[in-house]
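Per chain, numbering begins at 1; letters A, B, ... match sequence-line order. The basis for the numbers below is simple: all heavy atoms, side chains too, and nothing from hydrogens, waters or symmetry mates. No experiment lies behind these values; they were computed from the predicted model shown.
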Amino acid sequence: MSPDLNVVGNSVGRSDGIGHVTGRTRYTADRSFPGMLHLKMVRSPLHHARIRGIDLSAAERVPGFVRALTARDVPHNCYTILGLIGVEPEEEFVLAEDRVRFKGEAIVAIVAETEAAALEAVSKVQLDLEELPAVFDVEEALEPGAPIVTHWGNNTFMFEGHPCRRVRLGDVEQAFQQADYIVEGVYNTSPIEHAPLETTGCIAVPEANGRYTVYTNTQALYFSLDNTAIILQVPGSQLHFVGGTVGGGFGGKVDVIVEPIATLAAMKTNRPVRYTYSRAEEMQVSSTRSAWRIYVKDGVTRDGHIIARKVTSYADSGAYSRQTPYALTKHAANAAGPYAIPNVAIDAYCVYTNRQPTSAMRGFGVTMASFALEVQMDKIAEKVGADPWTIRFINAYHDGDMKPHRKLVEDATLIETMQAAATRVGHELPDVFRSMTSAPRDAGHDGGRS
Amino acid sequence: MARLRGTGIAAVNYPTGMNLGGDPSQALIHATTSGSFVVSLSATDLGQGLKTVIGQIAAETLGVEFGEIVIDTADTDTGPHDMGTFASRATHRVGNAVIAAATEARQALLEVAAEELEAAVDDLEGDGHGNLLVKGVPTRSVRIAEIASMAQFKYGRTIAGRGAYMKPKSLVDPETGAMDPDSTEAHACTVAEVEVDTETGVVTVLSIRSAYEVGRQVNPALVQGQIAGGAWMGMSHALYETTAPYYPAVDHSPRDFSEYLMPGPLEMPEIECVVLEMPSSNGPYGVKGIGEMTANSPIPAIANAIYHATGVRFDDLPITPEKILRGLDAKRSGPS
């Protein structure tokens with residue numbers, strides 16, 4: 001702790017710690033309101049299908065049934081979360097219109113007096129679906145003739161005219177010619193669940209003054225409020241969003257899935273409406289981390305310097321892209337790793353498939369890059385006969401180096417963390433690495449790099 | 001059949017925040033009659049302790065005790081705009097906004113105190129524990145709590161501050177990818193030790209030992225919490241978790257925690273870390289974001305340790321016992 005600081009640097013107790021460990025912290029789902037209704041969703045049982053008809057008549061006869069909502073009830077039904085910051089096109093349907101694009105996609109919202117009645121009514125809705133061919137693999141989705149997932153005619157998100165987020169520095173093909181070794185790898189990562197203890201949910205409450213208070217466990221109150229205003233075509237002043245301690249986020253609660261439809265249901269019924277995911281919905285319907293397939297090709301000199309790196313990555317966005325295009329950009333900015341590589345080419349694709357949609361998750365595009373690149377570094381070490389520490393020290397970036405996305409490195413401390421880790425585990429580093437620093441190379445601390 | 005041990009390393013960078021659409025956070029602060037300071041925000045605490053560290057930053061800048069700070073957040077009627085809690089941005093962005101608001105509030109506080117003490121604002125200093133003093137004259141001091149009360153009842157003044165922080169929007173060049181997507185970068189190096197049971201394919205992680213450089217620790221215990229939690233999450237990602245066990249096949253997708261596997265307490269390895277502090281140029285008190293990155297380096301470190309133990313490369317996550325056994329079988333059945 002710095003001597004001139006009094007509070008920053010102290011491990012003061014968490015202000016909410018006692019509430020957490022004694023079970024007194026209130027989460028969204030702990031709230032209840034008089035007359036509160038429950039919303040449950042009719043979901044697609046198929047991965048890809050045309051909707052020919054919806055028959056609500058049996059559902060409407062279930063005791064406790066209050067109201068059903070379909071796409072026709074949603075004022076602005078097709079939206080995109082990042083439309084707030086100018087991302088296009090609008091692509092996701094609050095409730096499905098003519099087509100469902102993944103198993104579990106929301107089609108009809110049922111509002112009922114009790115959760116049990118809502119679930120029973122959901123089970124009584126008759127869907128007339130015509131199954132369509134589906135695609136589940138990122139590269140198959142890009143082949144000619146693949147089933148088209150989106151409503152605009154291809155399976156990639158377009159980045160300002162390109163089907164992928166590109167980064168280009170130097171000339172990789174020429175550098176591959178000059179390299180002593182080419183080291184290639186292909187890395188696959190599975191989609192995973194955020195697995196929060198508290199599932200995604202909200203309660204929308206009509207107030208006497210004509211406004212709606214929405215209690216939600218979102219990670220981003222204004223994302224939710226602003227998107228809800230757009231989807232429901234109401235002024236933002238009509239909405240009051242209240243969050244609180246979130247029972248685990250990890251990126252899974254940045255989407256805006258539950259608030260708009262719950263608020264619409266509250267408007268239509270003039271009663272509080274609760275919409276909270278079951279664990280099965282959390283796992284099978286809410287966003288996951290994307291599956292990634294990452295191809296890495298490195299050109300390496302005999303002494304272990306990486307002179308060229310080409311990365312081609314495919315993130316499986318599922319049926320809707322949500323925050324995933326952003327992850328591709330973040331991935332592209334980090335897909336060369338914390339190393340100084342003069343020639344880099346990165347193509348990062350956001351691909352639509354008929355899977356459960358994916359979105360933000362902890363590490364957002366970087367976690368998968370770090371996995372692929374750090375395994376790749378060990379393969380390079382083995383190829384050139386160096387140890388894993390050496391290969392990282394000699395390639396580590398320094399302050400003032402140029403990253404592939406043309407930002408100068410600042411605040412670099414990779415070398416210092418490697419030194420500290422080596423010390424911690426008792427691994428003896430050679431002097432040249434012990435004395436190396438992340439300072440700019442012209443400062444005379446280049447650690448033996450030629 | 002044997003139990004094979006191996007060690008693997010990984011070194012990573014991680015960006016703080018992202019700003020491709022502009023990345024703002026705002027804060028308001030006002031003093032109550034008793035000298036508490038209410039910090040109004042709309043940022044959400046995800047359980048990582050945001051309210052605590054923001055309270056510490058506010059207390060530090062205002063020069064009051066941590067206990068005098070009230071964090072009022074996650075209400076769009078009272079809290080000014082915040083982009084959201086993600087991208088390892090919250091401590092950096094909200095912290096900077098709170099420093100700006102607290103600096104303005106402190107100036108208002110000093111102006112009232114200067115009037116009361118009949119001194120110039122520039123001649124006042126705080127002791128960091130709730131008192132304002134006239135420099136060089138220790139007998140002339142006043143409790144901040146008294147000034148806060150006088151501001152209300154004697155001087156009719158506000159002690160309040162507004163703060164905003166925004167990383168401006170950076171457009172990406174679509175041809176070259178030139179962009180400025182983050183504020184700073186934190187770094188880590190992890191060493192993992194594993195034991196692979198060649199009969200069952202089960203990987204036991206024995207230890208995950210790391211060094212992190214995080215700029216400045218606002219609350220070291222919470223940093224340790226992130227590192228331990230992230231090590232668990234990374235290990236889980238490396239060895240257990242999947243919603244599509246046979247991607248791209250869509251079968252066997254889990255519905256609950258009996259089907260979605262994660263390591264339990266008995267599987268937890270020894271987790272140790274060293275934390276270095278090399279303050280960033282633009283973070284509040286030099287902070288860098290550490291929220292997300294702690295799950296990253298354990299994954300390749302474990303994958304590299306498994307290779308070191310077995311001589312077989314596993315490049316598909318998660319590295320399940322089934323994959324380990326198939327990989328070992330392939331190695332035994334001859335060169336591929």
Going by ring-ring contact (aromatic ring centres under 6.0 Å, His included), name the residues that satisfy it together with A/Y326, two or more places apart in sequence or in a different chain. none
Residue pair B/S253 / A/Q284, side-chain donor-acceptor N/O under 3.5 Å: yes
As an exercise: rank B/I302, B/V250, B/D180 by heavy-atom pairs under 4.5 Å with chain A and give me the winner. B/V250
Residues which pass side chain to side chain donor-acceptor pair (under 3.5 Å) with B/D182, listed by chain and number, not counting sequence neighbours: A/K407
Under a 3.5 Å cutoff, is there a donor and acceptor pairing between the side chains of B/T184 and A/D411? yes
Considering only heavy atoms, which portion of A/L225 lies under 4.5 Å from any heavy atom of chain B: side chain, backbone, both, or neither? side chain
Without swapping roles, check the side chain of B/Q56 against the backbone of A/N10 for a donor-acceptor pair under 3.5 Å. yes
Chain A interface, residue from B/A303, B/S280, B/S207 that has the most non-hydrogen pairs under 4.5 Å: B/S280
The interface call for A/W389 against chain B, heavy-atom contacts under 4.5 Å, is both
Please determine whether salt bridge (Lys or Arg N to Asp or Glu O under 4.0 Å) holds for the pair B/D315 and A/R293, giving the CA-CA distance in whole Å, both sets of side-chain angles, and the decisive distance to 0.1 Å. CA-CA 10 Å; B/D315 293 342; A/R293 186 169 300 148; over 6 Å; no
Judged by modelled atom types alone, do A/S15 and B/T52 share a side-chain donor-acceptor pair under 3.5 Å? yes
Heavy-atom distance under 4.5 Å between the side chains of B/Y307 and A/V375, does that happen here? no
When you measure from the side chain of B/E60 to the backbone of A/V7, do you find a donor-acceptor pair of N or O atoms at a distance under 3.5 Å? yes
Please state whether the side chain, the backbone, both or neither of A/H47 comes within less than 4.5 Å of a heavy atom of chain B. side chain
Heavy-atom pairs under 4.5 Å with chain B: which of A/R166, A/R406, A/R168 has the most? A/R166
Exam field: side chain B/R216 to backbone A/V8, donor-acceptor pair closer than 3.5 Å: no
Most contact-rich option vs chain A, by heavy-atom pairs under 4.5 angstrom, among B/L276, B/I71, B/I299, is B/L276
Please check this pair: side chain of A/E160 against backbone of B/P174, looking for a donor-acceptor N/O pair closer than 3.5 Å. no
Compare every heavy atom of B/M179 with every heavy atom of A/A333, then report the nearest pair and how far apart it is. CB-CE, 3.7 Å
Tell me if a side-chain donor or acceptor on A/R362 pairs with a main-chain N or O of B/E292 at a distance below 3.5 Å. yes
Using atom types as modelled and distance alone, determine if a side-chain donor or acceptor of B/Y260 lies under 3.5 Å from a backbone N or O of A/M283. no
List the atom of A/G13, the atom of B/F66, and the distance in Å for their closest heavy-atom pair. O-CE2, 4.2 Å
Could you tell me whether the side chains of A/H162 and B/E175 share a donor-acceptor contact shorter than 3.5 Å? yes
Between A/V254, A/N334, A/T288, the one whose heavy-atom pairs under 4.5 Å with chain B are most numerous: A/N334
A/E374 side chain to B/A11 backbone, donor-acceptor under 3.5 Å: yes
Do A/F223 and B/F86 have ring centres separated by under 6.0 Å? yes
Chain B contact via A/S370 - which portion, at a heavy-atom distance below 4.5 Å: both
How close do A/T417 and B/C189 get, heavy atom to heavy atom, and via which atoms? O-CB, 3.8 Å
Is the shortest heavy-atom distance from the side chain of A/R355 to the side chain of B/P248 under 4.5 Å? yes
How far apart are the closest heavy atoms of A/V242 and B/D75, and which atoms are they? CG2-OD2, 4.1 Å
With a 4.5 Å cut-off on heavy-atom pairs, point out which of A/E198, A/M377, A/R289 contacts chain B the most. A/R289
If only side-chain N and O atoms count, and only distance matters, is there a donor-acceptor pair under 3.5 Å linking A/D137 with B/Y247? no
May I ask you to check whether B/N296 and A/T367 show a side-chain donor-acceptor distance below 3.5 Å? yes
Leading residue by heavy atom contact count with chain B [cutoff under 4.5 Å; candidates A/F136, A/F371, A/Y397]: A/F371
Indicate yes or no: at least one non-hydrogen side-chain atom of B/T76 is less than 4.5 angstrom from one of A/Y222. yes
Which one of B/D256, B/D77, B/V223 has the most heavy-atom pairs closer than 4.5 Å to chain A? B/D77
Less than 4.5 Å apart, side chain to side chain, heavy atoms only: is that true for B/N219 and A/V12? yes
Nearest heavy-atom neighbours spanning A/L414 and B/H187: N-CG, 3.6 Å
With the side chain counted from C-beta on, respond yes when B/R313 and A/K379 share a heavy-atom pair under 4.5 Å apart, and no when they do not. yes
Close side-chain approach of A/H405 to B/P181, heavy-atom, < 4.5 Å: yes
